Amino acid sequence: MKLSSAKAMLAAAQAEAERLGVTVCISILDAAAWPVAFIRMDGAPLGVIDVANKKARTAVLFHMNSADFAKIGHPSGEAYTLENTNGGLTSFGGGLVLKTSEGTVIGSIGVSGACTEDDIAIAHIAANTLLT
């Protein structure tokens with residue numbers, strides 16, 4: 001994940017959050033789950049910093065969006081309690097795995113602070129900047 005790509009994603013995510021009238025944290029990680037870029041919008045609760053990071057970690061470490069991880073990580077799911085591994089993960093939407101057009105994982109984005117649907121939508125808007 002290049003810093004220039006991460007900065008473009010942050011800008012797109014922040015613009016979409018502002019358009020929706022929400023304040024969020026946005027975390028972008030590389031393919032090894034190390035931070036590349038992060039912002040906390042003015043007014044975003046401090047607690048969502050960790051949630052945004054964990055959404056991104058979940059996506060990149062398991063090569064699946066955190067909403068998909070939720071399907072296996074719930075109490076009756078096949079991998080219940082898996083979110084307690086790897087220093088803590090999360091099993092709800094807002095984390096997207098980022099891949100090249102060839103399918104190579106290059107990183108992830110995690111968005112937290114709005115409702116789950118808005119977090120997911122903001123993350124998708126940001127991820128779409130990689131395609132342009």
Side-chain angles (χ1 to χ4, degrees):
M1 169 70 59
K2 292 183 178 182
L3 179 58
S4 59
S5 297
K7 289 168 79 174
M9 291 174 65
L10 286 179
Q14 183 175 355
E16 181 64 6
E18 289 170 351
R19 188 188 73 74
L20 293 171
V22 297
T23 56
V24 298
C25 289
I26 305 146
S27 179
I28 299 175
L29 307 180
D30 67 14
W34 287 103
V36 177
F38 174 85
I39 62 169
R40 179 173 63 94
M41 293 175 66
D42 293 342
L46 294 176
V48 300
I49 295 169
D50 191 44
V51 178
N53 287 326
K54 286 183 178 178
K55 287 179 180 185
R57 281 181 51 77
T58 300
V60 76
L61 290 176
F62 287 90
H63 294 193
M64 68 172 63
N65 296 342
S66 61
D68 294 332
F69 184 85
K71 295 174 186 172
I72 62 168
H74 62 82
S76 61
E78 60 192 61
Y80 180 55
T81 73
L82 187 60
E83 67 184 11
N84 296 322
T85 68
N86 294 285
L89 306 170
T90 193
S91 57
F92 55 97
L96 302 181
V97 63
L98 303 171
K99 298 179 182 181
T100 65
S101 58
E102 294 81 30
T104 303
V105 173
I106 59 169
S108 63
I109 183 170
V111 178
S112 187
C115 69
T116 302
E117 294 78 19
D118 285 349
D119 287 348
I120 293 168
I122 292 165
H124 277 292
I125 292 290
N128 286 341
T129 65
L130 294 175
L131 304 174
T132 58

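The residues of the chain are indexed from 1 along the displayed sequence. Nothing here was measured: the structure is a model prediction, and the numbers come from that model.
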Anything under 3.5 Å between a donor and an acceptor, one on a side chain of residues 26-51, the other on a protein residue two or more places apart or in another chain? List them.
from, atom 1, to, atom 2, distance (Å)
S27, OG, N53, OD1, 2.6
D30, OD1, A32, N, 2.9
D30, OD1, A33, N, 3.1
D30, OD1, W34, N, 2.9
R40, NH1, A44, O, 3.2
D50, OD2, K54, NZ, 3.2

Sorted by chain and residue number, the salt bridge (charged side-chain N to carboxylate O under 4.0 Å, His left out) partners of K71 (sequence neighbours excluded) come out as D68
Would you give me the side-chain donor-acceptor pairs under 3.5 Å for residues 116-125, sequence neighbours excluded?
from, atom 1, to, atom 2, distance (Å)
D119, OD1, A114, N, 3.1
D119, OD2, K55, NZ, 2.9

Can you run down the side-chain hydrogen bond (donor to acceptor under 3.5 Å, both in side chains) pairs that involve residues 7-22, sequence neighbours left out, and say none if there aren't any? Q14-E18, E16-R19
When every non-hydrogen atom of A17 is compared with those of V24, the smallest separation belongs to CB-CG2, 3.9 Å
Output a table of donor-acceptor pairs, distance under 3.5 Å, between side-chain atoms of residues 88-110 and any protein atom two or more places apart or on a different chain; print 'none' if there are none.
from, atom 1, to, atom 2, distance (Å)
S91, OG, E83, OE1, 2.7
T100, OG1, E102, N, 3.3
T100, OG1, E102, OE1, 3.3
T100, OG1, G103, N, 3.4
T100, OG1, T104, N, 3.1
S108, OG, A56, O, 2.7

